[in-house]
Amino acid sequence: MQVTGTVPPPAPATDPLGAPAEEPGSTATKHARRFGLPVATALVMGNIIGGGIFLLPASVAPYGTVSLVALGVLTVGAIALALVFGRLAQRDPRTGGPYVYAREAFGDFAGFLAAWAYWITTWVSNAALAVAAVGYLDVLIPVSHHRWTACLAALVIQWLPALANFAGTRWVGAVQLVSTVLKFVPLLLVAVGGLFFFDPDKLGPFNAGGGSPVGAISASAALLLYSYLGVESAAVSAGEVRDARRNVGRATVIGTAGAALVYLLGTVAVFGTVAHNSLVKSTAPFSDAVNAMFGGTWGGWAVALAALVSMTGCLNGWTLLSAQTPYAAARDGLFPAAFTRRRRGVPTVGVGVTVVLSSLLTVYNFMAGSAHVFEVLVLVTTFTATVPYLLATAAQLHHLASGRRDEVDGRRLVRDAVIAAVAAGFSIWLVAGAGYAAVYQGVLFLFVGILVYAVMAGRRRRVEG
């Protein structure tokens with residue numbers, strides 16, 4: 001088992017950014033297109049902002065406006081993590097993101113753990129998004145009156161973004177850009193429009209819980225921590241980004257900062273337009289804010305439509321990411337070779353396997369008739385997402401501590417070290433926020449991965465030997 005040392009370069013037949021060359025006679029030039037800065041930024045913002053933003057203000061309202069302090073602290077940590085990914089992508093702009101960084105710094109086993117944990121996160125999260133989207137769809141078209149009607153709707157919501165991925169990166173980028181723009185129109189309407197209807201008397205107490213402010217910040221942060229998952233999106237798809245050494249870092253920071261701005265402005269606007277007592281009980285805070293600003297009851301329809309667009313775009317981006325990391329690991333012999341198959345710029349086998357697994361989990365959720373098991377699995381993915389985050393941050397600290405001039409910019413050493421330390425703290429805070437049960441069960445998922453690694457490493461040794 002290799003745990004240290006250098007890693008062999010990627011297999012030949014790649015382009016300058018490490019992506020395998022398309023097969024001769026393929027339709028790559030028509031359907032596969034590298035993402036520019038706008039699409040890469042939309043990928044980051046779209047994956048960070050899913051459907052949770054539409055419930056976020058009500059979730060943290062019981063803690064009072066102290067939750068805004070927690071959101072500000074978390075924003076600093078998320079941007080620090082974004083800066084770390086940007087620096088790592090500048091050093092190694094290959095598809096795979098945290099997997100590539102962990103493997104290059106610590107060897108095959110660390111790289112596999114990053115890929116395995118991230119893959120679990122993506123396909124379980126996709127199922128969660130689809131099931132949650134059915135709740136918003138039900139506002140527009142009644143589908144929840146029958147269990148299997150709702151299940152079918154959830155499956156359709158998953159497969160439509162998968163079909164866009166099968167059509168090629170050109171379609172993935174188009175869907176991501178359009179959905180990001182459409183989701184931001186209603187969000188900005190509330191965030192900016194709410195400032196004109198802002199009433200300080202509706203804010204409620206600073207610390208509504210009555211305990212210590214520090215405890216309130218930590219408690220509200222536990223709910224907010226999950227809001228920034230997706231900051232790594234551009235780094236994972238670096239091989240599909242034009243001028244990746246430059247654009248991945250810019251897209252990651254701009255996308256994360258943009259998402260943070262929407263979170264902060266949107267939450268403040270809702271706090272200032274919906275009375276605190278009502279907000280604590282609200283199941284659709286943005287709908288209530290729109291109704292309070294403009295009157296009527298059309299806010300529920302508008303927010304439901306915006307949430308559906310938001311979740312569809314999020315599923316589109318996460319479906320691509322779910323295939324990129326296994327592709328990178330398979331290219332190095334750490335995942336089954338089938339995951340290296342690409343068409344029109346997209347790892348099609350990875351997309352197919354992921355959407356099938358998430359569909360099976362969705363069907364199981366509806367068959368069980370209870371969301372309890374499903375909610376536990378979603379919390380587990382919060383823990384599994386932190387594994388590649390921590391490994392990537394550790395890789396950056398490793399490079400900074402190595403003192404090698406080809407890896408470290410001496411003029412930026414102190415600044416990079418401080419940023420990496422903040423990102424590490426943010427990642428560990430994510431682990432703590434997931435809770436004991438999620439960490440316990442998440443470790444079990446990782447142990448299953450160790451068995452898979454043992455088989456793949458053994459087969460690789462047999463082939464090489």
Under 3.5 Å: donor-acceptor pair, side chain of [X], backbone of [Y]:
X    : Y    : value
H276 : G64  : no
N165 : P161 : yes
T267 : L264 : no
S358 : V355 : yes

For the residue pair [X] and [Y], establish whether any side-chain heavy-atom pair is separated by less than 4.5 Å.
X    : Y    : result
W429 : V73  : yes
F85  : P98  : yes
L68  : Y63  : no
V190 : V270 : yes
V431 : F383 : yes
D108 : R103 : yes
T121 : F445 : no
D288 : L279 : no

Looking at [atom1] of [X] and [atom2] of [Y], how far apart are the two atoms once the value is rounded to the nearest 0.5 Å?
X    : Y    : atom1 : atom2 : result
I120 : S322 : CD1   : OG    : 13.0 Å
L155 : L360 : CG    : CG    : 9.0 Å
T386 : L229 : OG1   : CG    : 9.0 Å
F447 : L444 : CZ    : CG    : 7.5 Å
L203 : T273 : CG    : OG1   : 9.5 Å
W318 : Q324 : CH2   : CD    : 12.5 Å

Indicate the atoms forming the closest heavy-atom contact of [X] with [Y], along with that distance.
X    : Y    : answer
L129 : C314 : CD1-SG, 3.7 Å
F366 : A150 : CE2-CB, 3.7 Å
A424 : L390 : O-CD2, 4.1 Å
W159 : S359 : NE1-OG, 3.0 Å

Under the side-chain contact (heavy atoms from CB on, under 4.5 Å) test, which residues partner [X], sequence neighbours left out?
X    : answer
Y436 : none
A82  : V231, T252, V253, T256
L308 : A133, Y136, L137, L140
L37  : T41, N247, R250, A251

Requested in this report: Please step through side chain to side chain contact (heavy atoms under 4.5 Å, CB included) for the pair L334 and R460, ending with a clear verdict.
Outcome: CA-CA 8 Å; L334 300 181; R460 186 180 178 190; 3.6 Å; yes

Side chain to side chain donor-acceptor pair (under 3.5 Å) against [X], all qualifying residues, sequence neighbours excluded:
X    : answer
T393 : none
Y101 : none
W119 : T354
Y118 : E232

Query raised in the report: Would F339 and T325 count as a side chain to side chain contact (heavy atoms under 4.5 Å, CB included) if you check the C-alpha gap in whole Å, the side-chain angles of each, and the deciding distance to 0.1 Å?
Result: CA-CA 9 Å; F339 283 91; T325 298; over 6 Å; no

Report task. Any chance you could lay out the side chain to side chain contact (heavy atoms under 4.5 Å, CB included) test for M311 and I157, step after step, and finish with the verdict? Result -> CA-CA 9 Å; M311 290 185 171; I157 290 171; 5.9 Å; no

Query raised in the report: What residues form a ring-ring contact (aromatic ring centres under 6.0 Å, His included) with F197, not counting sequence neighbours?
Result: F294

Query raised in the report: By ring-ring contact (aromatic ring centres under 6.0 Å, His included), which residues pair with F112, not counting sequence neighbours?
Result: W116, F335, Y453

Query - Stepwise side chain to side chain contact (heavy atoms under 4.5 Å, CB included) check, V84 with Y389 - result: CA-CA 10 Å; V84 168; Y389 286 0; over 6 Å; no

Query raised in the report: Are the ring centres of Y263 and Y228 closer than 6.0 Å?
Result: yes

